Number of protein chains: 2
Amino acid sequence: MTSTTGDQPRGTGRGKRVTIADIARRAGVTSAAVSLAVNGRPGVSDATRERILGIARELQWEPSHAARALAGAPVKTVGMVLARPAEVLGAEAFFGAFVAGLQEVLSAADYSLQMKIVDSTEAEIDTYRRWFGQRRVDGVVLVDLQTDDPRIPALEQLAQPALVVGGPGHHGSLPSVYVDDAEATRLIVEHLASLGHSRIARVAGTAEFLHTMQRNRTFTQLGEELGLDFVQQDAGYGASGAARATAEVLRMPEPPTAIVFDSDEMALAGAYVLRERQVPIPGGVAVVSYEDSPLTRGHHPPITAIRRSAVEYGRAAAQRMLEVIDTAAGRPAAPGAIGTPAQAESRVIEPQLAVRASTDPALLGVAHTDLAVGLDAS
Amino acid sequence: MTSTTGDQPRGTGRGKRVTIADIARRAGVTSAAVSLAVNGRPGVSDATRERILGIARELQWEPSHAARALAGAPVKTVGMVLARPAEVLGAEAFFGAFVAGLQEVLSAADYSLQMKIVDSTEAEIDTYRRWFGQRRVDGVVLVDLQTDDPRIPALEQLAQPALVVGGPGHHGSLPSVYVDDAEATRLIVEHLASLGHSRIARVAGTAEFLHTMQRNRTFTQLGEELGLDFVQQDAGYGASGAARATAEVLRMPEPPTAIVFDSDEMALAGAYVLRERQVPIPGGVAVVSYEDSPLTRGHHPPITAIRRSAVEYGRAAAQRMLEVIDTAAGRPAAPGAIGTPAQAESRVIEPQLAVRASTDPALLGVAHTDLAVGLDAS
DNA sequence: CTGAAAGCGCTTACAG
DNA sequence: CTGAAAGCGCTTACAG
């Protein structure tokens, strides 16, 4: 008996890979016929197709991704470049959740997401150029949109499938997906109004972000519309600015009964100041955050916040990206898509408001569900 | 004059792509020479190499990734499969930070990370098989390691580069990277002992996780070693279990003066129970968490926690993955690597302890830095 | 509906 | 040190 196990033909893995030529030989057809059969294209009879597929399965054939790509097939990859340090990305709850949502939809469509961290906008644009040049991606997702973003004209010029996350109004001729901040503002204001608040302050983040301007505009507009007394206080960015702005607001001759913060971090800083000044929440001042997170949920009392679900946002972006790629390839939009949107059309994510004890006194004492269960049982 | 702009040759992009054949023609050499030149391999004189590289740059040549892969070059891609729903991943701070760290190192080495979300362990193993079968990845990173993990033997059988994140002792013959939980436990216990605590409780998570067992073992061992009074309370998983266990511990005839929790969520639930029972932190009971997060940092008082830096963890995993791939390809380990570790060797991440007011009364009133600054200035 | 061929853009031996 | 050729595994026209 000669050794029949262990002696692998050569190199890594077990033996030579199975190709369509092997299948063709076994099936008594040409490799072109195999290609048509496995790609579900017309040109072979149903009988031979079945036979070919059977053999392919039997031989455990896997298509060579490289060969397909070289022959001109889509590479089934979406790219995303991040021009922020890993430490910053890692500290943000949004990033992980957004990526998870993207992945879910892309994975299901057998697409993969390719990411790259770079250290400048120039490097980012260069990466787009190279990715498309190398045919490594079928399309790219652009994030962290800014005012007058140089990446927009660069991508427009490349004339390749690209989706902008953010907006509105600053994505040029590119398709985009963004959260409706006007609607978010409306949800907050109407919620507070329904609880009887008529003096409301908004502690706003830096105007560098597009959404800040959008919120400012809607906030002012709703104040006039509803005839309420609205105060806007610019806080710059971060917790320190928010703390300062909150103190400022409390010094007013007739302080507001509710304060709306632009982020979870800002809301927490504001709540800290209120606690210091012995102002009860929500009895003295109600608190709302535009951004939900473990911080707002874990606070005592839990803070009412806009829940835009970063996971859902990622899913929507992936869905739209796939449509853009399909349309560019001249293929009909994927099934499940409602109609076939024009390439440059935007899609809007509708925000929701998670009402918690920081605005609604009836919810005081109710911690987040999991905790509540534990305490009941103890 | 005929139109020389606007009339793009055909298809998407501008014109036919530049290939090494074009460069060869211009340089008066064969395409093989170009290949050697651009890959920095011997076989061409320095003069011709320079000339070739100059022309390549001038023509803005980009290598075809697909062609390279088809011809046998590495695909420069690392794969990671996640068998958890996007919602769960998105809710975890660890995921985003780990991915950011991975990305940083892989991007710098011109590798990309390919992820896929699946819904079962079988699908995960199948994905590995297919990825390697299609030559879509050069190696894979395995996460969420469990006891008797079926993915380990499956990957061992595939005999392809794979790195296990987690351990020790459960990664079979595969190389791994993990955080040193024994050291983490030692840091916590020694910190508490130095503050004079001699009755310490540990509220432990589910024993399904390898690290739980490791912590249990070290905790018990240190108790004997230092002659302290140690109590272990199993809490199962999550906040409710932790709340129950904390209540249990407080009912003891001689309650501990410090409680160590297995996660940030558990620590928060425990702190909530202490607050309910009017037990001051850290005056009545000191609190420590094995997991740092915005929850522990944002709590009042901020909670002392093990900081293992998920970003750093990701970086270490990527670094090790690249070494494993290089070694498998017969290449020397990347520069910067200390020595050339054997394939199956593990690497250990050293944890740190972030000391905060939940254990050290001297730090009471000190919120996290950013906040503190804001308050000083207001 | 099926066959034979060319081509995608590289890399890798193998001669000179 | 350089040239000519084969081959990686597919897809896509183009004839029969």
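Every chain is numbered from 1 and lettered A, B, ... according to where its sequence line falls, protein lines coming before strand lines. Because the structure is a prediction, the values reported are computed rather than measured.
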In the strands shown, is dA13(C) matched to any nucleotide by a Watson-Crick or G-U wobble pair with both distances under 3.5 Å, and which?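 The answer is none; no pair meets the criterion.
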Watson-Crick or G-U wobble partner for dA4(D), using a 3.5 Å limit on both distances?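 Its partner is none (no Watson-Crick or G-U wobble pair with both distances under 3.5 Å).
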Would one find a side-chain N or O of [X] under 4.0 angstrom from OP1 or OP2 of [N]?
X	N	value
T30(B)	dA4(D)	no
T48(A)	dT2(C)	yes
R68(B)	dG9(C)	no

Would you say E156(A) has more than 12 foreign heavy atoms packed within less than 6.0 Å of its CD?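 More than 12 within 6.0 Å, yes.
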Above 12 or not: heavy atoms from other molecules or residues under 6.0 Å from CZ of R51(A)?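 For R51(A), atom CZ is crowded (more than 12 foreign heavy atoms under 6.0 Å).
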When we call it a touch if two heavy atoms are under 4.0 Å apart, what does [X] touch: a base, just sugar-phosphate, or nothing?
X	value
S35(B)	base
A21(A)	nothing
R41(A)	sugar-phosphate
P63(B)	sugar-phosphate
A66(A)	nothing
Q134(B)	nothing

Looking at side-chain heavy atoms only, is the closest gap between L174(B) and R151(B) below 4.5 Å?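 No; the side chains remain at least 4.5 Å from each other.
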Test item: Q160(B) and W131(B) side chains (from C-beta on) under 4.5 Å apart, heavy atoms: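 No; the side chains remain at least 4.5 Å from each other.
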5' priority, DNA chain C, between A33(A) and G72(B) [closest heavy atom]: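 Looking at the nearest nucleotide for each, A33(A) comes out on the 5' side.
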Among dT11(D), dG9(D), dT11(C), the one nearest L70(B) by side-chain distance: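 Nearest nucleotide to the side chain: dG9(D).
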Please state how far atom CD1 in I20(A) lies from atom C1' in dA4(C), giving the value in whole angstrom units.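 Atom-to-atom, I20(A) to dA4(C), this comes out as 14 Å.
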